[in-house]
Amino acid sequence: MYRFKIFVILKKGVLDPQGQAVKKSLHALGYQEVQEVKVGKYMEVDLEAESVDVARERVKHMCDKLLANPVIEEYRIEQAEFEPVEG
């Protein structure tokens, strides 16, 4: 079993209204030093595969087809430690 962390964020130059709203709110709270805020998505995917390379390639396909919009978003995939939960 493999676990991957996926970070999705808008590409540079794409309008980020959530990021701007958070930045504005931080300024209203007195955090004037904040220059930029980007709001994105974080996901974890656990999957079975015959190797880590196959698993990573499957996750990349998932990102390209569903988890990220490649027109306006970019993503980063990191492998994470998988700790099964016993129940």
Side-chain angles (χ1 to χ4, degrees):
M1 181 80 74
Y2 300 99
R3 173 172 289 160
F4 291 91
K5 298 177 180 179
I6 303 164
F7 303 86
V8 180
I9 196 161
L10 291 171
K11 288 181 176 178
K12 194 171 191 166
V14 175
L15 184 63
D16 182 358
Q18 285 184 306
Q20 291 178 350
V22 172
K23 176 183 167 186
K24 185 176 178 181
S25 296
L26 289 171
H27 284 178
L29 292 171
Y31 298 103
Q32 300 300 323
E33 69 273 26
V34 174
Q35 298 298 306
E36 184 175 355
V37 176
K38 292 183 175 184
V39 175
K41 298 181 277 187
Y42 169 77
M43 293 166 263
E44 289 185 357
V45 174
D46 298 340
L47 71 155
E48 301 257 358
E50 56 196 55
S51 71
V52 65
D53 291 335
V54 170
R56 181 178 292 278
E57 191 62 28
R58 296 289 289 166
V59 171
K60 184 179 181 313
H61 281 252
M62 292 175 202
C63 290
D64 290 336
K65 291 184 177 266
L66 178 70
L67 303 178
N69 180 343
V71 175
I72 62 170
E73 296 173 322
E74 57 191 22
Y75 62 85
R76 184 179 81 240
I77 300 169
E78 294 179 4
Q79 185 178 2
E81 291 294 320
F82 180 80
E83 296 180 24
V85 177
E86 295 183 28

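In this text, all values refer to a predicted model and were calculated from it rather than measured experimentally.
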Donor-acceptor pair, side chain of K38 and main chain of G19, under 3.5 angstrom = no
message = Do V54 and Y2 sit in one hydrophobic cluster, given that two such residues count as connected whenever their side-chain heavy atoms are within less than 4.5 Å of each other, even indirectly?
response = no
Distance-only donor-acceptor pairs under 3.5 Å for side chains of residues 3-12, two or more places apart:
from: R3; atom 1: NE; to: D46; atom 2: OD1; distance (Å): 2.6
from: R3; atom 1: NH2; to: D46; atom 2: OD2; distance (Å): 2.9
from: K11; atom 1: NZ; to: P70; atom 2: O; distance (Å): 2.7

message = According to salt bridge (charged side-chain N to carboxylate O under 4.0 Å, His left out), who are the partners of K60, at least two apart in sequence or on a separate chain?
response = D64
ask   = Hey, is CD on Q18 packed in by over 12 heavy atoms from elsewhere, all under 6.0 Å?
value = no
inquiry  = Using 0.5 Å steps for rounding, measure from the NE2 atom of H27 to the CD atom of Q32.
reply    = 5.5 Å
query = Tracing side-chain links under 4.5 Å among I, L, V, M, F, W and Y, which residues wind up in one group with V34?
reply = V22, L26, L29, Y31, V37, V39
key: Value rounded to 0.5 Å, distance of CE in M43 from CD1 in I77   = 10.0 Å
key: Linked, directly or transitively: L66 and L47 (ILVMFWY side chains, under 4.5 Å)   = yes
note = With sequence neighbours left out, the residues meeting salt bridge (charged side-chain N to carboxylate O under 4.0 Å, His left out) with E57 are none
task = Give the minimum heavy-atom separation between V14 and I72, together with the two atoms involved.
result = CG2-O, 3.8 Å
query = What residues form a salt bridge (charged side-chain N to carboxylate O under 4.0 Å, His left out) with E73, not counting sequence neighbours?
reply = K41
query = What residues, two or more places apart in sequence or in another chain, satisfy salt bridge (charged side-chain N to carboxylate O under 4.0 Å, His left out) together with R56?
reply = none
task = Decide if atom CD of E33 counts as having more than 12 heavy atoms of other residues, nucleotides or ligands within a radius under 6.0 Å.
result = yes
note = For A68 and Y75 the tightest heavy-atom approach is CB-CD2, 3.8 Å
